[in-house]
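To start, the structure under review is shown below, and the notes come after it.
Residues: numbered from 1 along the sequence shown.
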Amino acid sequence: MNAQYILMHKNVPFGLVEIDSDSGAMTHCRISEPEYSPFPGNTDVSLIKIWWEHRAVPGHRKDMEQVIRNAGCINSKEYLAKNLALSITDTYWLCPVEIDLAWEDVSLYNFHALGIEIMPYHNLSSYDPNASLGGEMDKYWDLSSQPPTLVKRAYAHHGQQNANEMFASELHRRQENSIDYVQYHFERANDGGTISKCRAFTSERVEFVPAYEIIMSRKSSNNTSKYETFIDVCAEHGLDREEVQRFLDYQTLTDFAISNTDEHLRNFGVLRDTETLEFLKPAPIFDSGNSMFYDIDGVQPLSTAQLLDRKINAVQNSEEKMLRHVHHRNIAAEDRLPEPKEAEEFYCRCGIPEEKARFIAGSYENKLQLLRRFQSGEQISLYNEKKREL
């Protein structure tokens with residue numbers, strides 16, 4: 001059995017979809033107002049179906065498994081439809097065709113202001129701002145303050161992923177430039193895990209458009225990289241090309257410094273005005289948890305070759321390839337980055353075992369060596385590093 005919903009951007013209907021009531025899968029889609037599409041201006045129905053799949057919480061995330069079952073849903077997509085696909089990070093939602101609803105009736109921000117926990121307009125719907133909250137880590141939105149606060153919990157790897165968020169925040173703070181970043185706060189939990197918190201950078205007037213949707217909104221030639229396509233599309237939507245280039249270069253270099261392996265196309269993007277659809281600026285840098293060798297239990301620091309040999313989930317699959325896109329090699333000031341000894345002391349204070357903290361600091365020191373050489377004009381490659389180590 002299929003249920004019909006109107007695709008909405010705030011109060012603007014821009015399409016009609018059918019959702020399988022049992023599986024939550026999108027079985028049919030028709031776009032009527034393409035300019036309001038999640039993929040700016042693109043009417044490709046296959047992309048809208050991908051958007052729906054990605055909008056749901058990963059099915060294996062433990063913090064949501066029981067919540068989904070308690071709601072009487074089979075999977076996260078069914079649960080997403082039950083919650084009308086509402087999100088804190090944008091103003092897209094689904095309106096059941098049989099019910100007259102307005103954005104003001106369902107906005108998560110309005111529900112917080114009214115102190116309402118259950119959506120009163122549709123008895124088949126519930127109210128959970130986390131139904132569309134992606135990512136692998138356990139997390140939830142705390143709506144008790146404005147703007148809302150994202151809370152992440154970590155238990156694996158001594159909870160280092162949350163400590164990494166605060167280390168990255170401190171790194172960006174020291175750079176003292178105009179590039180925005182999210183400020184994370186870290187604490188140890190009573191149950192042995194760790195917690196990181198950050199404020200939302202979106203609102204009812206400002207939404208986040210992931211790089212994936214920006215890049216996929218247009219067809220590019222095989223000779224054009226995703227890095228370049230992102231810059232091209234942002235420029236076509238009114239952003240300054242040089243500003244976007246500098247943002248990506250800075251993000252690439254700071255990710256390189258902390259060995260962030262997870263700067264995928266949904267972990268960066270653009271802020272957009274929800275009324276005019278105008279691109280405003282690159283979104284603040286966020287989500288640096290999968291960095292600083294969190295998942296490696298080593299004793300001897302990684303060599304420069306070992307560092308470059310690690311696969312990453314980004315515009316490219318290796319750091320060597322990412323560096324080839326950088327135009328402004330010195331946009332991240334190397335002399336303002338935390339020193340290796342500071343990194344070791346920081347992770348010890350965060351509860352990371354001393355041996356692991358020394359491993360982190362030693363590997364980070366070798367990474368800074370590579371960064372200095374790159375900023376001096378050297379071409380960094382895995383091949384050359386392996387030759388150096390012979």
Side-chain angles (χ1 to χ4, degrees), residues 164-184 201 208 210-211 214-215 224-235 237-265 267-271 279-292 304 307-308 310 312-340 342-343 364-381:
N164 291 342
E165 301 280 26
M166 192 165 76
F167 185 81
S169 295
E170 174 62 14
L171 180 154
H172 296 307
R173 184 191 69 80
R174 294 188 184 190
Q175 290 293 304
E176 296 183 341
N177 57 31
S178 61
I179 294 175
D180 288 341
Y181 64 94
V182 171
Q183 176 68 57
Y184 287 87
F201 51 78
F208 174 64
I214 291 171
I215 291 169
T224 304
S225 71
K226 293 177 181 177
Y227 204 96
E228 295 168 323
T229 299
F230 179 79
I231 296 172
D232 289 343
V233 177
C234 286
H237 283 79
L239 293 188
D240 181 81
R241 177 179 293 273
E242 181 66 10
E243 178 188 1
V244 180
Q245 178 76 55
R246 289 172 63 83
F247 169 83
L248 284 185
D249 289 354
Y250 175 82
Q251 178 177 261
T252 298
L253 291 177
T254 52
D255 278 342
F256 183 80
I258 63 176
S259 295
N260 184 8
T261 60
D262 197 31
E263 194 54 74
H264 59 77
L265 297 178
N267 269 356
F268 70 98
V270 163
L271 298 183
F279 279 23
L280 301 174
K281 62 180 180 177
I285 293 175
F286 67 96
D287 207 351
S288 303
N290 289 4
S291 60
M292 296 300 279
T304 55
L307 288 165
L308 291 178
R310 302 178 70 208
I312 63 173
N313 183 12
V315 172
Q316 301 282 2
N317 63 4
S318 74
E319 293 183 312
E320 174 186 339
K321 293 177 183 177
M322 288 297 295
L323 290 179
R324 296 174 190 170
H325 295 290
V326 173
H327 289 194
H328 306 281
R329 293 190 176 213
N330 295 294
I331 192 168
E334 188 274 332
D335 60 350
R336 292 187 177 182
L337 296 175
E339 295 290 335
E342 290 181 275
Y364 172 63
E365 183 174 19
N366 289 340
K367 199 58 175 296
L368 293 185
Q369 176 199 132
L370 282 171
L371 179 61
R372 282 192 292 269
R373 287 164 46 197
F374 175 75
Q375 292 187 324
S376 297
E378 183 177 334
Q379 180 179 340
I380 301 300
S381 74

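A donor-acceptor contact shorter than 3.5 Å is absent between the side chain of Asp262 and the backbone of Asn290. Side-chain atoms of Arg336 come within 3.5 Å of backbone N or O of Gln175 as a donor-acceptor pair. With hydrogens and angles disregarded, no donor-acceptor distance shorter than 3.5 Å links the side chain of Asn313 to the backbone of His264. In this structure, Thr224 contributes its side chain and Thr229 its backbone to no donor-acceptor pair below 3.5 Å. With Gln316 contributing its side chain and Tyr227 its backbone, the two residues share no donor-acceptor pair below 3.5 Å.
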Is there a side chain to side chain contact (heavy atoms under 4.5 Å, CB included) between Gln369 and Arg373 once you walk through the steps?
CA-CA 6 Å; Gln369 176 199 132; Arg373 287 164 46 197; 3.4 Å; yes

Kindly determine whether Asp232 and Arg241 satisfy salt bridge (charged side-chain N to carboxylate O under 4.0 Å, His left out), including the steps that lead there.
CA-CA 7 Å; Asp232 289 343; Arg241 177 179 293 273; 2.8 Å; yes

Starting from the C-alpha separation in whole Å, work towards a yes-or-no answer on side chain to side chain contact (heavy atoms under 4.5 Å, CB included) for Gln251 and Met322.
CA-CA 11 Å; Gln251 178 177 261; Met322 288 297 295; over 6 Å; no

Test Leu323 against Leu253 for side chain to side chain contact (heavy atoms under 4.5 Å, CB included), laying out the working first.
CA-CA 8 Å; Leu323 290 179; Leu253 291 177; 3.9 Å; yes

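Here the two rings, on Phe230 and Phe268, have centers that are under 6.0 Å apart. Remark: aromatic rings of His172 and Tyr250 are close, center separation under 6.0 Å. A centroid separation of 6.0 Å or more is found between the aromatic rings of Phe256 and Phe374.
Between Pro338 and Tyr364, the closest heavy-atom pair is O-OH, 2.6 Å. Val326 and Thr252 get closest at one heavy-atom pair: CG2-CG2, 3.8 Å.
Applying the salt bridge (Lys or Arg N to Asp or Glu O under 4.0 Å) rule to Glu334 yields the partners Arg372; only residues at least two apart in sequence or on another chain are considered. Residues satisfying the salt bridge (Lys or Arg N to Asp or Glu O under 4.0 Å) criterion with Asp287, sequence neighbours excluded, are Lys152.
Salt-bridge check for Arg173 with Glu170: passed, with a basic side-chain N closer than 4.0 Å to an acidic carboxylate O.
Side-chain polar atoms of Ser288 and Tyr181 form no donor-acceptor pair below 3.5 angstrom.
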